[in-house]
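Below is one structure, written out as structure tokens; comments come after it.
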Amino acid sequence: MRGSSHSRAGAKIDRLKPVPRSFYDRPAIEVARELVGKVLVHGAVSGRIIETEAYLGLEDRAAHAYRGITPRTKVIFGPPGHAYVYLIYGIYECLNIVAEKEGSPGCVLIRAVEPLTGLPAMRKRRPGVRKDQDLANGPGKLTLAMGITRRHNGADVTKGPILVCEPAQREEIVIEVSPRIGIKHNADWPLRFFVRK
DNA sequence: CAATAGATCATCT
DNA sequence: GATGATCTATTGC
């Protein structure tokens, strides 16, 4: 969809229905694939999830949970439907959603969203960005644009302040699969899901 | 355009 | 003390 034909969307995001916790109580791969197309909401700011990656548990060397429970990774071992936010490269923060039942590690990295509402707020947090689609088209960019920080680590995404909701209308999308980005281990595992443009 | 370096710090060894 | 699920500016064709 190019152009911005529905620029009045801001009014109704609070009526979107949160995805139920049972949605997350499944293998991380399924959750990752089906999160594509859902809507990420934080206050008045929202965006459609267009790219995700699955990180498995103890069998996935690329996953933070690979080495077991530590103060940082304990959220991943907790109940599904919660946010895992961590600092990367000393500068940026990345948002994950915990999948699989409590005790079973597995999570989904949200890599990109397409801005839907709250565009002015996003621009304020990301000065210098030219195109709307560049505001949140990366893991570090989307947390910046949407004001998500480590304060939200452990937050329940079925309750807020960060929410994952069903989109207002079902859209026809084609989901593509590829290897994950920027990792060293298991670099050929097809665990990245994204919307075909 | 494509390739590369630098920023910067919590976490784990 | 090394590392990393990134981004941006800059350099070089």
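Heavy-atom basis, side chains included; hydrogens, waters and symmetry copies ignored. Here is the naming used below: chain letters follow the sequence lines, and residue numbers restart at 1 for every chain. Because the structure is predicted, anything quoted here is derived from the model rather than measured.
Here the shortest heavy-atom pairing between A145(A) and A136(A) reads CB-CB, 4.3 Å.
Annotation: side chain of R48(A) is in contact with side chain of L116(A) (closest heavy-atom distance under 4.5 Å). Side-chain atoms of E93(A) and I148(A), non-hydrogen and from C-beta on, never get closer than 4.5 Å to each other. Side-chain atoms of F23(A) and V31(A), non-hydrogen and from C-beta on, do get closer than 4.5 Å to each other. With a 4.5 Å cut-off on side-chain heavy atoms, H64(A) and T70(A) do not count as touching. You'll find the side chain of L35(A) stays beyond 4.5 Å of the side chain of L40(A), heavy atoms only.
With respect to the salt-bridge test (charged N to carboxylate O, under 4.0 angstrom), the residues K17(A) and E166(A) do not qualify. We find that D156(A) and R21(A) are joined by a salt bridge, their nearest charged nitrogen and carboxylate oxygen being less than 4.0 Å apart. We find that R26(A) and E100(A) are not joined by a salt bridge, their nearest charged nitrogen and carboxylate oxygen being 4.0 Å or further apart.
Bounding nucleotides for the chain A contact on DNA chain B, 5' to 3', at a heavy-atom distance below 4.0 Å, are dA7(B) to dT13(B).
Listed for the R126(A) side chain is a donor-acceptor partner under 3.5 Å among the backbone atoms of L135(A).
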Pairing pattern in dot-bracket form [Watson-Crick, G-U; both distances under 3.5 Å; | = partner strand] for DNA chain B: |||||||.||||.
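Here R170(A) pairs with nothing under the side-chain contact (heavy atoms from CB on, under 4.5 Å) rule; sequence neighbours left out. Listed by chain and residue number, nothing satisfies the ring-ring contact (aromatic ring centres under 6.0 Å, His included) test with Y66(A) (two or more places apart in sequence, or in another chain).
Protein atom OH of Y86(A) is 4 Å distant from nucleotide atom C1' of dA5(C), rounded to whole Å. Between the OH atom of Y89(A) and the P atom of dA2(C) there is a distance of 17 Å, given to the nearest Å. Atom CZ in R150(A) sits about 16 Å away from atom P in dT6(C), given to the nearest Å. In this structure, CZ of R180(A) is placed 11 Å from P of dT6(C), rounded to the nearest angstrom. Rounding to whole angstrom units, NZ of residue K184(A) and P of dT3(C) are separated by 7 Å. R192(A) places its CZ atom 11 Å from the P atom of dT6(C), with the value rounded to the nearest Å. Spacing between atom CD1 of I183(A) and atom C1' of dG4(C) amounts to 12 Å, rounded to whole angstrom units.
Within the 4.0 angstrom heavy-atom criterion, base atoms lie near I91(A). Base engagement by L109(A) is indicated by at least one non-hydrogen atom pair under 4.0 Å involving a base atom.
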I would like to know whether I76(A) and Y55(A) meet side-chain contact (heavy atoms from CB on, under 4.5 Å); could you show each step before the answer? CA-CA 10 Å; I76(A) 309 173; Y55(A) 283 85; over 6 Å; no
Pair V113(A), M122(A) - check side-chain contact (heavy atoms from CB on, under 4.5 Å), show working. CA-CA 12 Å; V113(A) 306; M122(A) 293 198 201; 5.6 Å; no
Under-3.5 Å N/O pairs linking protein and nucleotides 7-9 of chain C:
residue, atom, partner, partner atom, Å
dC7(C), OP1, P139(A), N, 3.0
dC7(C), OP1, G140(A), N, 2.8
dC7(C), OP1, K141(A), N, 3.2
dC7(C), O4', Y92(A), OH, 3.2
dT8(C), OP1, R126(A), NH1, 2.9
dT8(C), OP1, R126(A), NH2, 3.0

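Listed by residue number, Y55(A), A62(A), H64(A) are the residues of residues 55-79 of chain A with a heavy-atom contact under 4.0 Å to DNA chain C.
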